[in-house]
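Beneath this line is the structure, given in structure tokens, with notes to follow.
All heavy atoms count here, side chains included; hydrogens, waters and symmetry mates do not. The shown structure was predicted, so the numbers you read here are calculated from the model rather than taken from an experiment. Naming: A, B, ... by sequence-line order, numbering from 1 per chain.
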Amino acid sequence: MAPITDEHVETVRGLVAAIPAGKVATYGDIADAAGLSSPRIVAWIMRTDSSDLPWHRVIRASGRPAPHLASAQLERLRAEGVLATDGRVPLSGCRHRF
DNA sequence: GAAATGACGGCGC
DNA sequence: GGCGCCGCCATTT
């Protein structure tokens with residue numbers, strides 16, 4: 001395999017931390033920006049690496065957060081100014097461009 | 001070493 | 001536009 005080095009994780013964390021309040025990013029965008037081969041890797045990192053970073057700003061390409069965290073993330077995002085309509089975030093206007 | 005798993009994405013229906 | 005299947009990549013059992 002091509003083991004994910006700490007550097008990769010650091011890069012991903014940096015990108016997530018670089019997302020300004022009121023903006024969101026998709027797993028695919030982060031994976032691409034971090035130089036990872038697949039968005040799955042980002043998901044794996046987030047799952048394993050529980051940091052204080054604003055993971056709630058990272059959502060799926062569908063514009064909807066992960067099912068188990070959807071409510072919590074949506075609530076936090078709403079508090080940051082991201083108005084999610086019908087449990088969905090308008091990527092068209094809130095998507096952070098790296 | 002093989003099979004299952006997961007905070008995903010894209011394409012087809 | 002919503003739902004489902006398949007493909008991806010690394011980790012874990």
- [ ] For Asp32(A) and dG10(B), give me the distance from atom CG to atom C1', rounded to whole Å.
- [x] 15 Å
Task: Length of the CG-P vector between Leu36(A) and dG9(B), whole Å - done: 13 Å
Open item on the list: Rounded to whole Å, how long is the line connecting atom CD of Gln73(A) with atom P of dA7(B)?
Closed with: 12 Å
TODO: Write down the partner of dG1(C) under the Watson-Crick or G-U wobble criteria, each distance required to be under 3.5 Å.
DONE: none
Task: Atom-to-atom span, CG of Asp29(A) to P of dG9(B) - whole angstrom - done: 9 Å
- [ ] Starting from the 5' end of DNA chain C, give me the residue, Thr48(A) or Ser37(A), whose nearest nucleotide shows up first.
- [x] Ser37(A)
Task: Integer-rounded Å distance: dA7(B) P and His68(A) NE2 - done: 5 Å
TODO: Identify whether any heavy atom of Ala31(A) sits under 4.0 Å from a base atom; if not, whether one sits that close to sugar-phosphate; answer base, sugar-phosphate or nothing.
DONE: nothing
TODO: Among dA10(C), dA7(B), dG2(C), find the nucleotide with the atom closest to the side chain of Arg88(A).
DONE: dG2(C)
Open item on the list: Looking at the base of dC9(C), is there any donor atom on it, or on the side chain of Arg40(A), that sits under 3.5 Å from an acceptor on the other one?
Closed with: no
Open item on the list: Without decimals, in angstroms, what is the distance between Asp6(A) CG and dA10(C) C1'?
Closed with: 14 Å
Task: Rounded distance in Å - CG (Leu74(A)) to P (dA7(B)) - done: 17 Å
Open item on the list: By nearest atom, which of the nucleotides dG2(C), dC9(C), dG9(B) is closest to the Ala61(A) side chain?
Closed with: dG9(B)
Task: For dT13(C), the Watson-Crick or wobble counterpart (both distances under 3.5 Å) - done: dA2(B)
Task: Distance test, side-chain N/O of Arg64(A) to OP1/OP2 of dG9(B), below 4.0 Å - done: no
TODO: Classify the side-chain pair His8(A)/Thr5(A) by whether it contains a donor and acceptor separated by less than 3.5 Å.
DONE: yes
Open item on the list: Which residue in the set Leu77(A), Val58(A), Asp29(A) passes side-chain contact (heavy atoms from CB on, under 4.5 Å) when paired with Val24(A)?
Closed with: Leu77(A)
Open item on the list: For a quick check under 3.5 Å, do Glu75(A) and His56(A) share a side-chain donor-acceptor pair by atom type?
Closed with: no
TODO: Write down the distance between CG (Leu91(A)) and C1' (dG9(B)), rounded to a whole number of angstrom.
DONE: 13 Å
Task: Reported CD-to-CG distance for the pair Glu10(A) and Asp49(A), which is rounded to 0.5 angstrom - done: 8.0 Å
Open item on the list: Looking only at the side chain of Arg47(A) (C-beta and beyond, no hydrogens), which of the listed nucleotides dG2(C), dC9(C), dG6(B) gets closest?
Closed with: dG6(B)
- [ ] Take Glu80(A) and Lys23(A), measure what side-chain contact (heavy atoms from CB on, under 4.5 Å) needs, and give me the verdict at the end.
- [x] CA-CA 9 Å; Glu80(A) 291 182 352; Lys23(A) 296 272 177 145; over 6 Å; no
TODO: For dC8(B), take OP1 and OP2 only and decide whether either is under 4.0 Å from a side-chain N or O of Arg60(A).
DONE: yes
Open item on the list: Categorize Ile4(A) for me: base, sugar-phosphate, or nothing, with a 4.0 angstrom heavy-atom threshold over every strand shown.
Closed with: sugar-phosphate
